[in-house]
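Below, all heavy atoms of this structure are taken into account, side chains as well, without hydrogens, waters or symmetry copies. First the proteins, then the strands, lettered A, B, ... as listed; each starts at 1.
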Protein chains: 2
Amino acid sequence: MAVTDEAIEKIKGMIVSGALRPGDRLPKESELAADLGLSRNSLREAVRALSLIRILDVRQGDGTYVTSLDPQLLLEALSFVVDFHRDDTVLEFLAVRRILEPAATAMAALRISEQQLDALTARLDKLGESPSVEDLVAGDLEFHRGIVHSSGNSVLCSLLDGLSGPTTRARVWRGLTQEDAVAGTLREHRAILAALRDRDAEAARSWATVHIASVEQWLRSTL
Amino acid sequence: MAVTDEAIEKIKGMIVSGALRPGDRLPKESELAADLGLSRNSLREAVRALSLIRILDVRQGDGTYVTSLDPQLLLEALSFVVDFHRDDTVLEFLAVRRILEPAATAMAALRISEQQLDALTARLDKLGESPSVEDLVAGDLEFHRGIVHSSGNSVLCSLLDGLSGPTTRARVWRGLTQEDAVAGTLREHRAILAALRDRDAEAARSWATVHIASVEQWLRSTL
DNA sequence: GCGCCTCAAAACCTCCGACGTATCAGGTCA
DNA sequence: TGACCTGATACGTCGGAGGTTTTGAGGCGC
């Protein structure tokens, strides 16, 4: 194994074992390199790799720190990876989202606050009846993000966030090519919101399923 | 933005745009560095970072290649990230798995082959009635992996694989501290397998839920 | 005393050049 | 024909030299 890979493993070990805790500052590059027995150049490769996936946070002029290691932060790297997937696997991502999103929406029905419900309503009202495709997609993303956030599970929240990238792209295509999709999306959003207000978890789950299945169906017929 | 980060973005762009396709070989470090307008050292940091998350595959003495970019491969990096999570977020991971695994098991009920069913049965038989905790946990992992693989969705499969890490650890603790957990796990495995043989998706889903919920419940009462 | 400015130390950022090591292709020899 | 050797190629590692950014201490004026 290359010395850089060893360094990655050792730093990982220091964090997992608790020797380094979230927010802790690492020794400066030259010292850490000496401690781990490699050159500063090679160590930098290890640090850079860990910083790409949000394990470390390097600040020029200051130092290198362990991030908070929140699920939200770490799974943020997921979206980076998801970007690389080709369009032919979008359906698989969508299928997973079809499983998670209804479940998250049902969970939210039991926990969402009146305040958040009002905020979601305001957001939908602001969009109006016939928004541009860009506004609709952006609003859709925010709408679902808000609901999933109310599920109370940050891992679930981040995971769906990461998986939404490809779905969003698909939604754009759909909006551009299928006129009645806009109206349908708005109607489904209203229905989901109404179910949440009623605290009706099963209705919320069903509407969320319908919402995603409609995109999936369109996509399947197109590809 | 630092030159290394620019290089990461540019390489990502070359892949996403299709200029570099899976399996393609990159120009040698010195040439690529010159093309992108940075030093070989800085470029190496970018390449190392992309190689950690399985976007690039570097082979000493040969060259640097774009990986297959399969969902399976890219989400493999997920387990690396998940390793960093502290024990206090295990419940959130488990909750997500509780959503995905029953769905995957239900999907598998409709698709799994007789051959795979026989293989799963043989695996359970081989374990016997009172295996060691280590064997049980390893068998459990393989059992679920086999089922999820039969769901036919590689994204779902990889995702669950990555999420199983923390769950597995929890299962070990449970096996070590709760004697009847072993018998319960074996019983539930048999029940899931029977439901799969019957092609009964709903029964398979329910048993999978019970299976995970039992771990979740124990964990919740312990923490 | 309080706030602002200046400056020097600390730490990361980038680059260069050199040498070590692994792989592969082609030639050599039995 | 097949095994072995050898050179070219490309990645791996290192040490050192400046450059840039951040931070905080110290000094200055109000």
For DNA chain D, which residues in residues 38-48 of chain A have a heavy atom at a distance below 4.0 Å?
Leu38(A), Ser39(A), Arg40(A), Asn41(A), Ser42(A)

dC12(C), OP1 or OP2 - any side-chain N/O from Thr64(A) closer than 4.0 Å?
yes

On the nucleotide dC13(C), are OP1 or OP2 found under 4.0 Å from the side-chain N or O atoms that Thr4(B) carries?
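Checking Thr4(B) against dC13(C): no side-chain N or O falls below 4.0 Å of OP1 or OP2.
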
From CA spacing to verdict: side chain to side chain contact (heavy atoms under 4.5 Å, CB included), Asp5(A), Arg48(B)
CA-CA 9 Å; Asp5(A) 294 313; Arg48(B) 171 72 66 175; 3.0 Å; yes

Please state how far atom [atom1] in [X] lies from atom [atom2] in [N], giving the value in whole angstrom units.
| X | N | atom1 | atom2 | result |
| --- | --- | --- | --- | --- |
| Ile8(B) | dC13(C) | CD1 | C1' | 14 Å |
| Asp5(A) | dG12(D) | CG | C1' | 11 Å |
| Leu26(A) | dA10(C) | CG | C1' | 16 Å |
| Glu29(B) | dT13(D) | CD | P | 11 Å |
| Met1(B) | dT21(D) | CE | C1' | 17 Å |
| Glu6(A) | dC14(D) | CD | P | 10 Å |
| Leu32(B) | dC15(C) | CG | P | 13 Å |
| Asp57(B) | dC11(D) | CG | P | 12 Å |

When you measure from the side chain of [X] to the backbone of [Y], do you find a donor-acceptor pair of N or O atoms at a distance under 3.5 Å?
| X | Y | answer |
| --- | --- | --- |
| Asp57(A) | Tyr65(A) | no |
| Glu92(B) | Val155(A) | yes |
| Arg25(B) | Asp62(B) | yes |
| Arg111(B) | Ser150(B) | yes |

Side chains of Ser158(B) and Leu78(B): does their closest heavy-atom pair fall under 4.5 Å?
no

Side-chain heavy-atom pair Val66(A), Leu56(A) within 4.5 angstrom cut-off
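With C-beta onward as the side chain, the pair touches.
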
Spatial distance of atom CG (Leu69(B)) from atom CZ (Arg21(B)) [nearest 0.5 Å]
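The CZ atom of Arg21(B) is 11.5 Å from CG of Leu69(B), to the nearest 0.5 Å.
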
Kindly give the atom pairs (protein nitrogen or oxygen, nucleotide nitrogen or oxygen) under 3.5 Å for nucleotides 3-9 of chain D.
none

Is it the case that dT22(D) (base atoms only) and Gln60(A) (side chain only) share a donor and an acceptor within less than 3.5 Å, ignoring hydrogens and angles?
no

Which residue lies toward the 5' end of DNA chain D, Gly37(A) or Arg59(A), if each is placed at its nearest nucleotide?
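That would be Gly37(A).
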
Tell me whether Asp70(B) is salt-bridged to Arg54(B), with the criterion being a basic N under 4.0 Å from an acidic carboxylate O.
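Arg54(B) and Asp70(B): not salt-bridged.
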
